[in-house]
Amino acid sequence: MNLTDLEQIRVDKINALLDKGIPAYPMRSEITLRIGEAIRRYEAAEAGAADGAAPDTVEATIAGRMRSLRVMGKLAFTHIEDDTGRIQLFLRVNELGDQLALFKEYFDIGDFIEATGTIVRTKTGEISLLTTNLRMLAKSITPLPAAKEEVVDGVTIRHTGLSDPEIRYRQRYADLIVNPDVKRIFKTRSKIVSALREFLDSHDFLEVETPILQPIYGGAAARPFTTHHNQLHQDLYLRISFELYLKRLLVGGLDRVYEIGRDFRNEGVSYKHNPEFTQLEFYCAYFDYLKVMNFTEEMIRFTAEKALGTTKVTYNGVEIDFGKPWKRVEMRAGILEKTGIDFAKYESAETLAAAMAEKGIKSKPGLQRGKLIDQLVSEYLEPTFIEPTFLYDYPWEISPLAKRKPDDPTITERFEGYVAGMELCNAFTELNDPIDQEVRFLEMGRAYDAEDDENNPIDEDYLRAMRYGMPPNGGFGMGIDRLTMLLTDSSTIREVLLFPHLRDRGQTGESAEGAEPA
RNA sequence: GGGCGUAUAGCUCAAUGGUAGAGCAGUGGCCUUUUAAGCCAUUUGUUUUGGGUUCGAGUCCCAAUACGCUCACCA
């Protein structure tokens, strides 16, 4: 163990305590109240007392991490904090005797301590525990990165903080201790997931779990992570989506299913992409994409209300209201409006690329028609969708699992939801025709051969399942991380992931240079 | 993978090519109502790493590493 000078000083204190027979890491704590509850009880007693009378009957044993320290001779103040709140300890030699000297000598900011006493208000009116007994619960060796804090009108201001993003993400535990907003984000995230579950459960959906290790990956266009089962001598993939397994369940008669879980995509990392991310997918028999649209509006509104208490959020300085109906933009009309190009008039990639070139829109040579249209969407439409917007009716080439429109087989009943210029969700009237599905899979394989070295193997078992008969249904997928970004005003996905993916730096988190002098 | 930027004490940051500093934290002392407590004293550095230019490099040049922004990629 390589200790800094500051850490060595703390270790010396641990040993000094042990010499006095005081363990630095005792087995148990004997708290009677958590801090938030202790404060509530005192306030309730105050409210119930006669005017001006200060209650002195609330006794408690509480515990938490020391976050501040002010020592003055025979008197000291320290704040301790647990997950429910923060309270000042009022430490006097009058009550503590020799324990005060021990405290001054060996206790530091960052330590977990336990205190017994009576709750009072100090001269300045702050609720405090007049402490009669103190115990070390867990000595902190590494000093907290934030030294001092000030609470002004209930808002904690850090005068020295932890702001280096690399340390914040690599040592999230320190970040959580020191930056209160981080805790808030992850508590909100948990509420979001609970609200989504509550909403779906209340609409008779069944939550299921499907394989993460898959022999054939599918349901999205992304490169997978590959792994290997040693005993079975079998290559396996980490799933890139749940879609094909969930729809097998519709064949089996589970009419409404959903899954919340991790997807893995071996692609670039960005402010809205992480190699592993959390997805919600649901499938609902006898829904079509219009019903899914309405359902989505309702679900997100419900979730925002449950998680935030309001449907209005400010994201990146812009106010967004999930309480209002989403804007709806048909893709063909939207592209025509923004670029003057009506893609329906161009049936091949070549003619469409030529039309784009005429407008001065450069595209990569050899791109298939669907991808050209996709390029127009991401360049000209996506950034303009700040208010919640559904973009609907996608070309069939980029939607192999969606059902074609009856009046136009080149268009599928598919929509994506956009908020703040970011794709949030993707849904369609699911293709349930096994014969068309096989055609589409073969077509997709051809497209891959043409432009990628990637080959997406056909999932024969999925086709077999479809041949048994799949009810017409609407399906939906949404990135939970992105929804959390929107609802917590986080500008990058890393802020809503407890442990975002970072390049490996070795176990110590330091560069692995040895002590060899070469 | 490309471009741009950043890397100095435990934390937040200074330092014209000329002796590497401040605040906070730490350590020692004083202090019985503080809350960024205060006062006195004081310690801490392989300036990310490796090369180079120079009489002299934290500073200029090259390379590596990590992180940030951005582009590409991502039905």
Side-chain angles (χ1 to χ4, degrees), chain A residues 3-10 12 67-79 86 88-95 100 104 108-110 120-126 128 130 141-152 156-170 174 178 218-223 240-241 265-273 275 277 364 368 370-371 373-375 377-378 394-402 412 414 416 423 426 428 440 444 447-448 452 454 456 491-492 494 502-506 509-513 515 517-518:
Chain A
L3 295 178
T4 65
D5 292 349
L6 296 185
E7 290 169 330
Q8 188 56 53
I9 289 164
R10 301 270 187 107
D12 291 345
R67 295 305 307 274
S68 72
L69 178 60
R70 294 171 296 284
V71 177
M72 46 211 71
K74 300 187 176 66
L75 181 69
F77 296 93
T78 179
H79 280 98
R86 179 186 282 224
Q88 178 171 262
L89 302 185
F90 185 13
L91 310 172
R92 288 197 306 196
V93 73
N94 311 35
E95 287 79 26
L100 186 68
K104 283 159 60 176
D108 293 290
I109 289 174
V120 298
R121 280 191 190 270
T122 59
K123 274 184 185 171
T124 57
E126 178 165 350
S128 308
L130 181 59
I141 292 174
T142 304
L144 297 182
K148 291 208 172 177
E149 295 182 350
E150 178 186 15
V151 180
V152 179
T156 303
I157 300 167
R158 286 164 314 276
H159 292 277
T160 312
L162 175 61
S163 59
D164 178 347
E166 181 171 0
I167 300 178
R168 286 190 52 232
Y169 299 143
R170 286 194 195 277
V178 152
R223 281 173 292 173
I240 58 172
S241 89
R265 295 186 183 175
N266 206 337
E267 305 282 358
V269 177
S270 82
Y271 76 95
K272 54 183 176 182
H273 295 93
F277 63 101
K364 271 204 200 157
Q368 76 168 134
K371 293 217 170 172
I373 296 170
D374 200 44
Q375 180 193 337
V377 169
S378 44
Y394 278 58
W396 72 282
E397 297 98 320
I398 53 173
S399 315
L401 299 164
T412 60
R414 171 182 176 190
E416 289 192 351
E423 180 192 337
N426 179 21
F428 19 97
R440 308 281 282 280
M444 193 169 65
Y448 274 111
D452 298 286
E454 176 177 351
N456 204 352
S491 59
T492 144
R494 287 184 296 271
L502 295 174
R503 213 172 294 254
D504 187 17
R505 281 188 91 175
E510 304 296 328
S511 64
E513 250 61 64

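Labels below follow one simple rule: chain letters A, B, ... track the order of the sequence lines, proteins then strands, and each chain is numbered from 1. All of these numbers come straight from a predicted model, not from anything done at the bench.
When every heavy atom of A:Val178 is checked against every heavy atom of A:Pro145, the shortest pair comes out as CG2-CD, 3.8 Å. Shown here for A:Ser241 and A:Arg265, the closest heavy-atom pair between the two residues is CB-NH2, 4.3 Å.
Considering only the side chain of A:His273, B:C74 comes nearest among B:U34, B:C74, B:C67. When each of B:C69, B:U27, B:C73 is scored by its nearest atom to the side-chain atoms of A:Arg223, the top-ranked nucleotide is B:C73. Closest to the side chain of A:Arg92, from the set B:U32, B:A37, B:C73, is B:U32. For A:Leu6, whose side chain is taken as the heavy atoms from C-beta onward, the closest listed nucleotide among B:U12, B:A25, B:U34 is B:A25. Out of B:U34, B:A66, B:C69, the shortest distance to the side chain of A:Thr492 is found at B:C69. Distance from the side chain of A:Pro145 is smallest to B:C11 among B:C11, B:G68, B:A66. For A:Tyr271, counting side-chain heavy atoms from C-beta on, the closest listed nucleotide (B:U33, B:U70, B:A66) is B:U70. Among the nucleotides B:A66, B:U33, B:U32, the one closest to any side-chain atom of A:Asn94 is B:U32. Listed nucleotides: B:A66, B:U33, B:A75. Nearest to the side chain of A:Ala221: B:A75. Considering only side-chain atoms of A:Asp164, the nucleotide from B:U32, B:U12, B:C69 that sits closest is B:U12.
Taking atom CD of residue A:Gln88 and atom C1' of nucleotide B:U33, one finds them 9 Å apart after rounding to whole Å. The separation between A:Arg67 atom CZ and B:A25 atom P is 14 Å, rounded to whole Å. Between the CD1 atom of A:Ile141 and the P atom of B:G26 there is a distance of 16 Å, rounded to whole Å. Atom CG of A:Leu69 is separated from atom P of B:A37 by 9 Å (rounded to the nearest Å). Regarding A:Lys74, its NZ atom lies at a distance of 11 Å from the P atom of B:U33, rounded to whole Å. B:C73 atom C1' lies 16 Å from atom CD1 of A:Ile398, rounded to whole Å. Protein atom CE of A:Met72 is 12 Å distant from nucleotide atom P of B:C31, rounded to whole Å. One interatomic measurement links the two molecules: CD of A:Glu267 to C1' of B:C71, which rounds to 16 Å at whole-angstrom precision.
Nearest-nucleotide positions on RNA chain B place A:Ser491 closer to the 5' end than the other of A:Ser491 and A:Arg265.
For the pair A:Arg10 (side chain) and A:Asp108 (backbone), a donor-acceptor distance under 3.5 Å is absent. With hydrogens and angles disregarded, a donor-acceptor distance shorter than 3.5 Å links the side chain of A:Arg440 to the backbone of A:Ser399. Looking only at distances, a side-chain donor or acceptor of A:Thr4 sits under 3.5 Å from a matching main-chain atom of A:Glu7. Between the side chain of A:Lys104 and the backbone N or O of A:Ala76, no donor-acceptor pair lies under 3.5 Å. Listed for the A:Thr78 side chain is no donor-acceptor partner under 3.5 Å among the backbone atoms of A:Leu89. With hydrogens and angles ignored, the 3.5 Å screen pairs a side-chain donor or acceptor of A:Glu267 with a backbone N or O of A:Arg223. Although no hydrogens or angles enter the test, the distance criterion places a donor-acceptor pair under 3.5 Å between the side chain of A:Thr492 and the main chain of A:Arg494.
Counting non-hydrogen atoms under 4.0 angstrom, A:Glu397 reaches nothing in the nucleic acid. Among the heavy atoms of the strands, none lies under 4.0 Å from A:Thr142. Within 4.0 Å of A:Arg10, counting heavy atoms only, lies no atom of the nucleic acid at all. As judged by a 4.0 angstrom heavy-atom cut-off over every strand, A:Phe90 is placed among the base-contacting residues. No contact: A:Pro395 has no heavy atom under 4.0 Å from any strand. Using a 4.0 Å heavy-atom cutoff across all strands shown, A:Gly268 reaches at least one base atom of the nucleic acid.
Between B:A75 and A:Ser399, no contact under 4.0 Å exists linking OP1 or OP2 to a side-chain N or O. Within the structure, every side-chain polar atom (N or O) of A:Arg168 is placed at least 4.0 Å from both OP1 and OP2 of B:G68. Between A:Arg170 and B:C67 there is a side-chain N or O to OP1 or OP2 distance below 4.0 Å. OP1 or OP2 of B:C74 sits under 4.0 Å from a side-chain N or O of A:Lys371. Look at A:Arg70 and you'll find a side-chain N or O under 4.0 angstrom from OP1 or OP2 of B:A37. Listed pair A:Lys364 / B:C73 meets the phosphate criterion, a side-chain N or O lying under 4.0 Å from OP1 or OP2. The phosphate of B:U33 has neither OP1 nor OP2 within less than 4.0 Å of any side-chain N or O from A:Arg121.
In this structure, B:G58 forms no base pair with any nucleotide, since neither Watson-Crick nor G-U wobble geometry is met with both distances under 3.5 Å. Nucleotide B:A15 forms no Watson-Crick or G-U wobble pair with any nucleotide shown, as no partner meets the under 3.5 Å limit on both distances. Judged by Watson-Crick or G-U wobble contacts below 3.5 Å, the nucleotide B:G68 has B:C4 as its partner. Pair check for B:U46 finds none; no Watson-Crick or G-U wobble contact set falls under 3.5 Å. Base pairing of B:A41 is made with B:U27, judged by Watson-Crick or G-U wobble geometry with both donor-acceptor distances under 3.5 Å. Remark: B:A75 base-pairs with no nucleotide; criterion is Watson-Crick or G-U wobble with both hydrogen-bond distances under 3.5 Å.
Rounded to whole Å, the separation between the C1' atoms of B:U65 and B:G50 comes to 11 Å. Annotation: B:C73 and B:G5 have their C1' atoms spaced 22 Å apart (nearest Å). Spacing between B:A66 and B:G23 at atom P, rounded to whole Å, works out to 36 Å. Spacing between B:U44 and B:U8 at atom C1', rounded to whole Å, works out to 14 Å. Rounded to a whole angstrom, the distance from the C1' atom of B:G18 to that of B:G3 is 36 Å. Look at the C1' atom in both B:A7 and B:U46: the space between them is 15 Å, to the nearest Å. Nucleotides B:G56 and B:A15, compared at atom P, are 25 Å apart to the nearest Å. Between B:U34 and B:U6, the distance separating the two P atoms is 46 Å to the nearest Å.
A donor and an acceptor atom never sit less than 3.5 Å apart when one is taken from the side chain of A:Glu126 and the other from the base of B:U34. Side-chain atoms of A:Ser128 and base atoms of B:U33 include no donor and acceptor less than 3.5 Å apart.
Using a cutoff of 4.0 Å between basic side-chain nitrogens and carboxylate oxygens, A:Glu416 and A:Arg414 are scored as salt-bridged.
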